[in-house]
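First the structure, in the form of structure tokens, and then the observations on it.
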Amino acid sequence: MTDTKTKILDFAEHLTQTRGFNGFSYIDLGEEIGIKTASVHYYFKVKDDLAAALVERVQAKHAEGFRGIEAGIACPRKRLEAVVAHFQGYVKEEKFCLCGMMAAELQSVSPRVASLVKAYFDAFQAWLTQQFKEAGYKDAKLQALSFLSALEGALLIARLRRDPKIIHDALKGFLKV
């Protein structure tokens with residue numbers, strides 16, 4: 001990936017997580033990076049292409065992060081705690097989950113991007129399901145859905161109140177696996 005393309009993606013990710021995907025334009029990206037808007041269009045012809053690239057990139061980062069958690073942490077409860085800590089980091093940085101933000105703006109993204117966002121959450125839920133299975137839950141899929149739903153909702157409230165501890169408090173019942 002070119003340096004300019006990476007800069008565009010980095011700043012677009014930051015803006016999506018702080019303002020929402022509809023909260024910025026290619027003009028904003030170009031001004032921040034110091035390039036013309038036409039140069040942004042060179043890398044991402046339309047904003048839908050940028051949205052798809054962002055979701056794919058975040059999904060890849062999270063998949064890598066999950067592999068790292070599994071490799072470094074043997075206990076499923078501790079793995080879930082690592083996920084909670086990661087999401088608390090968003091609040092500390094005054095950000096929101098990129099795919100959560102895209103899901104909130106679902107009616108304004110293309111079916112292609114909506115499909116990618118759904119795939120992100122499906123993969124996240126599948127990973128969580130595995131953690132609950134390893135912890136001995138018979139209803140692991142339901143536990144995973146509940147955890148993921150609580151996580152995204154807690155992130156929203158924690159961001160509003162600027163208190164990352166809210167995420168841990170909202171999920172502590174799941175952390176007793």
Side-chain angles (χ1 to χ4, degrees), residues 1 6-7 9-21 23-24 51-106 109 113-177:
M1 195 175 328
T6 299
K7 287 178 184 177
L9 285 168
D10 289 346
F11 193 58
E13 183 175 330
H14 170 77
L15 290 175
T16 301
Q17 290 182 294
T18 56
R19 295 185 192 175
F21 190 70
F24 68 92
L54 287 170
V55 173
E56 289 169 343
R57 184 167 101 146
V58 166
Q59 183 161 2
K61 280 184 195 177
H62 281 195
E64 182 180 326
F66 292 151
R67 285 190 297 274
I69 288 171
E70 288 176 351
I73 303 172
C75 173
R77 180 184 59 79
K78 295 286 187 191
R79 290 178 190 158
L80 294 174
E81 286 176 1
V83 170
V84 168
H86 175 75
F87 277 77
Q88 285 177 309
Y90 286 147
V91 177
K92 292 174 186 170
E93 296 174 7
E94 298 184 1
K95 293 180 178 181
F96 197 77
C97 167
L98 183 133
C99 289
M101 193 70 88
M102 293 275 196
E105 297 177 315
L106 197 60
V109 300
V113 173
S115 177
L116 291 169
V117 171
K118 181 184 177 302
Y120 165 85
F121 281 109
D122 288 347
F124 196 173
Q125 184 179 350
W127 185 84
L128 290 167
T129 299
Q130 184 59 40
Q131 306 318 304
F132 284 105
K133 278 183 185 175
E134 287 183 28
Y137 280 81
K138 291 180 182 177
D139 59 347
K141 190 172 182 178
L142 178 59
Q143 287 294 321
L145 177 61
S146 297
F147 181 94
L148 182 56
S149 300
L151 178 64
E152 289 290 329
L155 179 58
L156 185 68
I157 295 166
R159 185 172 183 233
L160 176 68
R161 294 187 180 161
R162 296 185 171 151
D163 183 2
K165 188 175 179 293
I166 288 172
I167 296 170
H168 184 271
D169 291 347
L171 295 165
K172 66 183 171 186
F174 293 102
L175 301 177
K176 295 178 182 173
V177 293

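Within 6.0 Å of NZ in Lys133 there are 12 or fewer heavy atoms belonging to other residues, nucleotides or ligands. The number of heavy-atom neighbours closer than 6.0 Å to NZ of Lys61, taken from other residues, nucleotides and ligands shown, is above 12.
The pair Arg67-Glu70 fails the salt-bridge criterion, with no side-chain N (NZ, NE, NH1 or NH2) lying under 4.0 Å from an Asp/Glu carboxylate O.
When every heavy atom of Ala154 is checked against every heavy atom of Ala170, the shortest pair comes out as CB-CB, 3.6 Å. Of all heavy-atom pairs between Thr18 and Glu94, the closest is CG2-O, 3.6 Å. Taking every heavy atom of both residues into account, Ala140 and Thr129 meet most closely at CB-O, 3.5 Å. Contact between Ala103 and Phe121 at its shortest, heavy atoms only, is CB-CE1, 4.2 Å. Between Ala82 and Ile69 the shortest heavy-atom distance is CB-CD1, 4.0 Å. Between Met102 and Thr16 the shortest heavy-atom distance is CE-CG2, 4.4 Å.
Applying the salt bridge (charged side-chain N to carboxylate O under 4.0 Å, His left out) test to residues at least two apart or on different chains, the pairs with a partner in residues 114-130 are Lys118-Asp122.
The line from CG of Leu142 to CD of Gln125 is 9.0 Å long, rounded to the nearest 0.5 Å. The distance from atom CZ of Arg79 to atom CZ of Phe132, rounded to the nearest 0.5 Å, is 12.5 Å. Distance check, rounded to the nearest 0.5 Å: OG of Ser146 to NZ of Lys141 gives 12.5 Å. How far CG of Leu171 is from CG of Leu80: 9.0 Å, rounded to the nearest 0.5 Å. Distance check: Leu54 CG to Gln59 CD gives 13.0 Å after rounding to the nearest 0.5 Å. Separating the CG atom in Asp163 from the CG atom in Asp169 is a distance of 7.5 Å, to the nearest 0.5 Å.
Taking 4.5 Å as the limit, some side-chain heavy atom of Glu152 sits within range of a side-chain heavy atom of Phe96. Side-chain contact check for Val84 versus Phe174: every heavy-atom pair is 4.5 Å or farther apart.
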- Item | Verdict with reasoning, Phe87 to Tyr90, per ring pair (Phe, Tyr, Trp, His ring centres under 6.0 Å) | CA-CA 5 Å; Phe87 277 77; Tyr90 286 147; 5.2 Å; yes

- Check against side chain to side chain contact (heavy atoms under 4.5 Å, CB included), Met101 and Phe21: CA-CA 7 Å; Met101 193 70 88; Phe21 190 70; 5.8 Å; no

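Of the possible polar contacts, one joining the Gln131 side chain to the Trp127 backbone as a donor-acceptor pair under 3.5 Å is found. At distances below 3.5 Å, not a single donor-acceptor pair connects side-chain atoms of Gln17 with backbone N or O atoms of Cys97.
Taking the six-membered ring where the residue is Trp, His86 and His62 present perpendicular rings, their angle passing 60° and hence far from 30°. Between Phe11 and His14, the angle of the ring planes stays under 30°, which puts this pair in the parallel group of the 30/60° scheme.
In this structure, the side chain to side chain donor-acceptor pair (under 3.5 Å) partners of Gln130, at least two apart in sequence or on a different chain, are Glu134.
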